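Data block below; observations after.
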Amino acid sequence: MDLFHTVVNAVLRAFVALFSWAPPSVGLTIISASAGMGMLWVFRRTSDQARIRRVKKKVYAHLLEMRVYSDEPALTWRAQRSLLKVNVQYLLLTLPPCLFLAVPVAVLLIHVEAFYGRAPLELARPALVTAAFDSGPEGPAPELTIPPQFDISAPPVRVLSEHQVSWRVLPRAPFSGELTFAINGRKVTKRVVAGRGPAFVPGRRVRSVWASFWYPDEPHISAPGIEWIEVSYPGAVISVFGWQIPWLAWFVIVSMLSALLLKKRFGVTL
Amino acid sequence: MIVLGIDGMDPVFLERHWNSLPNLNRLRQRGDFRRLATTIPPQSPVAWSTVSTGLDPGGHGIFDFIHRDPATRLPISSMAEVTAASTTLHIGPYLLPLSSGRVESLRAGRTFWQLLGDHGVPATVIRMPANFPPAECEQESLAGMGTPDLNGSFGTFTFFTNDPAERRTQISGGRIVRLHIESGSTVLHIHGPPNTLRADHATRDIAVQVHADPTAAAARFDMPEQQFVLRQGEWSDWQRADFRLIAGLKSVSGIFRIYLQQVHPYLRIYVSPVNVDPNDPALPLSTPKRFSRTLAAELGPFYTQGIAEETSAFRAGILSKPEFLVQSRKVLADSLRMFRYQLNRFSSGLLFYYFSSIDQNSHMLWGKYEADLLDIYRKVDGAVGEAMAQPNTELLILSDHGFAPFDRAVHLNTWLMQQGYLTLNNPSHMGDAEEFAHVNWEKTQAYALGLNGIYLNLYGRENGGVVSLADKQDLLDEISQKLLDFRDPVNGEHVIDKIYFADKVYRGRNLKNAPDIIVGFRRGYRASWQTALGAVPAAAIEDNTQAWIGDHCMAADEVPGVLLSNRKFQVGNPEMTDIAATILNEFGVPGTREMLGRMVF
């Protein structure tokens with residue numbers, strides 16, 4: 001799983017780096033448009049286009065029927081029933097491509113979150129680093145080693161009821177590197193990013209291989225006793241024509257728009 | 001023109017400390033400095049309403065922080081009235097409004113910035129007291145003193161603790177909640193506003209989980225959308241919370257700060273009053289409406305509650321003096337941040353900016369902690385220096401009153417009872433029960449409410465009043481003479497310097513809410529807190545043992561304000577009513593016919 005994530009991550013990093021000269025919205029727009037085209041391609045390959053075309057014609061026919069015979073209640077009622085039926089048929093026909101698309105789109109979105117969904121820690125603004133353990137921690141909190149660009153501005157807080165420890169860190173200068181925890185005699189690291197501007201900001205680092213599907217930005221933790229480590233990053237928004245919007249909203253708009261605009265070129269009936 | 005309103009700046013304190021206040025000193029040397037005659041009574045909402053409108057209290061109709069409803073004799077805010085929707089639809093537990101509720105200012109008269117706006121002169125008016133809701137106009141204004149917290153009060157804090165020594169649950173200006181802690185964790189239920197969309201008006205809460213470290217003096221706070229860690233003795237940043245009225249449909253937004261006072265052996269957590277969120281205001285905070293959002297976008301969250309200094313918690317012993325000073329400096333820092341923002345964008349017209357810190361700190365420090373108070377004066381002096389640096393700008397600085405010690409608390413209702421003007425159902429009921437809980441109105445001729453007011457129980461005006469109109473003046477004269485003869489049993493000194501009758505001292509005739517007698521206490525004396533809310537304690541006068549040690553609700557001559565400018569004054573004894581006239585005259589804008597006052601330059 002780690003290898004897979006590393007490859008996906010490396011591709012995305014290379015892609016984002018290509019557009020590092022431009023505002024983040026440019027790179028995201030290209031990713032979203034590409035995703036829209038990718039989805040069209042998968043849709044064409046995995047759907048029964050001929051049947052979809054037939055069912056859509058039926059949909060139009062029943063809509064026309066309702067309009068033409070609007071003064072015939074019995075006919076209108078029958079047309080509505082038929083319309084419902086062909087709509088269900090349409091949904092069933094689009095189900096297989098949707099299933100095929102679900103996993104790659106999920107993987108893409110989970111990875112893209114680290115580029116556009118989180119902002120680096122703000123300088124001189126405290127942030128929390130939290131580690132969750134299998135049990136305890138009954139004794140002293142594990143030791144956290146920070147880079148010189150950071151301060152620890154409060155004692156670590158052990159939350160016994162949730163088996164967590166939280167440290168409050170204060171970034172003093174821009175930094176991208178690692179925090180190091182000494183846990184049960186082993187060293188565990190967590191990437192941390194502070195400063196300005198867009199950056200790759202990794203989310204939670206987890207021990208469970210299965211959970212790492214949802215948290216793919218760093219390799220899973222191999223040390224026992226610790227479940228995850230997380231840094232509380234501020235959320236990021238994308239600036240599009242002066243509007244501040246969540247990156248996911250822009251992704252949906254652009255990918256859908258590109259799919260609708262290019263469906264004829266791809267020979268796809270949606 | 002820049003006008004700085006510095007609440008409570010005292011002329012005698014200034015004269016004692018000119019050398020420590022270089023900018024104010026420079027201003028008086030280059031320009032002018034005078035004592036500014038304050039209003040009767042010398043209370044902030046009264047005086048600032050006069051500044052705003054150029055009317056005396058008889059014109060603008062504000063005579064105190066509170067006045068009484070003659071029908072119930074219960075205290076109500078003098079500054080604003082909130083009216084719920086008159087028509088509602090009851091569906092299950094919900095109460096859906098079919099008409100809109102209203103928030104109305106009780107201040108009459110047009111303000112100087114409205115008049116400036118009528119003539120195309122731009123004005124920005126920040127935190128003018130008694131300007132909630134803000135006077136309707138296109139000028140930029142932000143509401144000041146009188147703006148409630150999200151609960152509708154003047155500021156209700158919450159103190160959470162598991163300290164067994166703390167047995168109180170309700171205190172003036174706050175509530176105390178007992179915590180139950182399991183494995184170091186507990187939950188704070190922070191009250192939002194009463195849910196007016198539910199028939200039971202149940203208060204909406206948000207839950208904040210608190211996890212205290214087993215040994216270290218720090219705790220983690222888990223809010224619905226974020227977590228933060230505080231060390232013992234630290235204040236949090238502003239926290240924003242949505243209080244849901246109808247799930248998914250309607251919520252109101254509030255902001256508050258948390259102070260972790262102590263972790264071990266007992267958890268002690270102070271939560272500030274929940275302020276109206278300026279970014280999404282549930283109440284009218286500004287004109288135009290978007291102005292508070294603009295300020296929040298530029299400056300981040302800021303105090304919107306009218307009086308933000310936590311004097312109630314200090315008085316109640318919840319916050320110590322150093323803790324109060326830290327909090328009040330945060331309020332001042334917040335205010336200075338906004339002041340600098342306004343100063344940077346000021347280019348023409350008028351900028352009015354109000355500072356509350358000297359007033360609120362003087363109440364807690366006057367006469368006893370001179371160095372701490374001087375530190376606040378110095379910070380405000382710095383702001384004056386920044387205003388003085390504006391080129392080609394007239395600068396006018398005023399305070400609404402000065403200060404005096406508050407050594408002895410006078411229970412006016414008890415005095416009225418001792419003189420036979422107020423009767424209890426049972427004499428053993430004397431105590432701190434507020435709102436005239438045990439008063440026999442059939443046998444009561446006069447009662448006191450607010451900080452300077454005595455009202456007759458007048459037939460035809462008060463519900464069940466017993467004093468006839470024919471007897472009114474004789475009774476007023478009789479009570480007044482006895483008040484002037486009232487001597488402190490401890491030192492034999494007169495307690496009251498002056499007695500004022502509303503129909504004689506005011507030129508305006510808007511006297512509906514005016515007390516029949518306005519009591520001008522001698523320096524050092526003031527109506528007790530119990531008097532203000534209609535209690536009848538055992539003794540007529542006692543030592544003021546509270547942390548609130550300075551005040552100004554005395555005879556107006558005892559506590560004049562100040563007037564400074566970078567120009568010479570042509571008037572020897574300026575008054576509050578002169579301010580609006582002077583500002584309007586500077587821009588060549590005529591005042592209204594009702595406005596009093598002269599041009600001071």
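Lettering follows sequence order; numbering is per chain, from 1. Just so it is clear, the model here is predicted, and its values are computed rather than measured.
- For A/Thr189, the side-chain contact (heavy atoms from CB on, under 4.5 Å) criterion is met by A/Glu178, A/Thr180, A/Arg205, not counting sequence neighbours.
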So which donor and acceptor atoms of chain A and chain B come within less than 3.5 Å of each other?
| unit_1 | atom_1 | unit_2 | atom_2 | d |
| --- | --- | --- | --- | --- |
| A/Ser153 | O | B/Arg231 | NE | 3.3 |
| A/Arg158 | N | B/Asp213 | OD1 | 2.7 |
| A/Arg158 | NE | B/Asp213 | OD1 | 3.0 |
| A/Arg158 | NH2 | B/Asp213 | OD2 | 2.8 |
| A/Arg158 | NH2 | B/Thr215 | OG1 | 2.6 |
| A/Ser161 | OG | B/Ser185 | OG | 3.1 |
| A/Glu162 | OE1 | B/Arg220 | NH2 | 3.3 |
| A/Gln164 | OE1 | B/Arg220 | NH1 | 2.8 |
| A/Gln164 | OE1 | B/Arg220 | NH2 | 3.0 |
| A/Ser166 | OG | B/Arg220 | NH1 | 2.9 |
| A/Arg168 | NH1 | B/Val229 | O | 2.7 |
| A/Arg168 | NH1 | B/Glu234 | OE1 | 2.8 |
| A/Arg168 | NH2 | B/Glu234 | OE1 | 3.2 |
| A/Arg168 | NH2 | B/Glu234 | OE2 | 2.9 |

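- Contact of A/Pro140 with chain B is not made at all, since no heavy-atom distance falls under 4.5 Å.
- Closest approach of B/Pro214 and A/Leu160 over heavy atoms only: CG-CD1, 3.8 Å.
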